[in-house]
Amino acid sequence: MFKHTIVRTPCSKVYDGITSAPELGQPIYELALEQHAKYIEALKATGVDVLVLPPIEAYPDSCFVEDAAVLAEKCAIITNPGAGTRNGETAYIIDAIKQFYADDQIGYIKAPGTLEGGDVMKVGDTFYIGVSARTNEEGIKQFADFFGSYGYTVKAVILNEVLHLKTGVNYIENNKMLVSGEFIDKPEFAEYEKIIVPEEEAYGANCIWMNGTVIVPLGYEAVKKAVEDSGYPVIVVDTSEFRKIDGGLSCLSLRF
Ligand code: CIR
């Protein structure tokens, strides 16, 4: 069960976030703020507290706090984002993490290692980590050394198509995961019960399990129905403005 979450308010430059889908247009700042406020309400409805960090104008993508740190029961790590325009975001997350973890429980990914939290998927005491354009083998090695010393296991997964691991696969507890595209047949996930997300709803694979409830993005009806049919209550949140810059539900929070 999660007790805490951390989010960061979008900054006014959110329209400048990195995108692979310019055809969707730029995020509208005011709408992004509204959607972010509703996201916070949805998190709170699942019984967690929400620490809201202030916007950072210098970093258009900084509302995607998930990428700057990885948090678990016994330890935490500050990442080293592979995206140049995002790399400095980590300096702004450290004080927040120190509110919850002692100094010796906090590790740091260092160059030449890179790692972004969007590539890290926790399943119990195992972390699956995507080798991506943002996360390299050295970053994963450093993560495995630090988390391994706390008894966690790390398994690397090579990505070919998507930005981050959790762009296409998300664990929703009870041995179940939402999978799309290249993750439908990955041998690494053979042991799990899969909810297969149709290609036209691929963005909807990025749902988050929150204490028994699954938060699903607005507009992905097949995903919503499949999650409900699997027995989960669902909360729907509109993420249209974040989608325009490749962001989804998981990217917007740290959950621990
Ligand atoms: C980026 O390209 O870094 C942002 N525009 C989107 C980050 C999404 N974060 C995530 O999947 N954890």
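Order of listing sets the numbers, starting from 1, for every ligand and every atom in it. If you read the sequence from its start, that first residue is 1, and numbering goes on from there.
Annotation: atom 4 (C) of ligand 1 to nearest protein heavy atom, Asp61 OD1, 3.3 Å.
Side-chain atoms of Thr239 and Tyr203 include a donor-acceptor pair closer than 3.5 Å.
A salt bridge links Glu241 and Lys244; the closest N-O separation between the charged side-chain nitrogens and carboxylate oxygens is under 4.0 Å. Salt bridge Glu73/Lys122: present, at least one basic N to carboxylate O contact under 4.0 Å. Taking 4.0 Å as the cut-off between side-chain N and carboxylate O, Asp67 and Arg86 count as a salt-bridged pair.
The side chain of Asp67, and not its backbone, has at least one atom closer than 4.0 Å to an atom of ligand 1 (non-hydrogen atoms only; side chain from C-beta on).
Of all the atoms in ligand 1, the ones that sit under 4.0 Å from a non-hydrogen atom of Gly118 are 12 (N). Near Asp246, meaning under 4.0 Å from one of its heavy atoms, ligand 1 places the atoms 6 (C), 8 (C). Each of the atoms 4 (C), 5 (N), 6 (C) of ligand 1 lies under 4.0 Å from some heavy atom of Ile245.
Remark: ligand 1 and Thr167 share no N or O pair separated by less than 3.5 Å (distance only, no angle test). Checked against a 3.5 angstrom limit, the closest N/O atoms of Leu163 and ligand 1 fall outside it.
Cation-pi contact between Lys74 and Tyr152: present, with separation from the ring centre below 6.0 Å and deviation from the ring axis of at most 45°. Cation-pi geometry between Lys186 and Phe183 is satisfied (NZ or CZ under 6.0 Å from the ring centre, within 45° of the ring normal).
Nearest-heavy-atom check against atom 2 (O) of ligand 1 across Glu66, Arg134, Glu116 picks out Arg134. One option in Cys251, Gly248, Cys63, Ser253 has a heavy atom closer to atom 10 (C) of ligand 1 than any other, and that option is Cys251.
A pairwise comparison of heavy atoms in Asp104 and Phe146 identifies O-CZ, 4.2 Å as the closest pair.
A heavy-atom separation below 4.0 Å is found between Arg86 and ligand 1.
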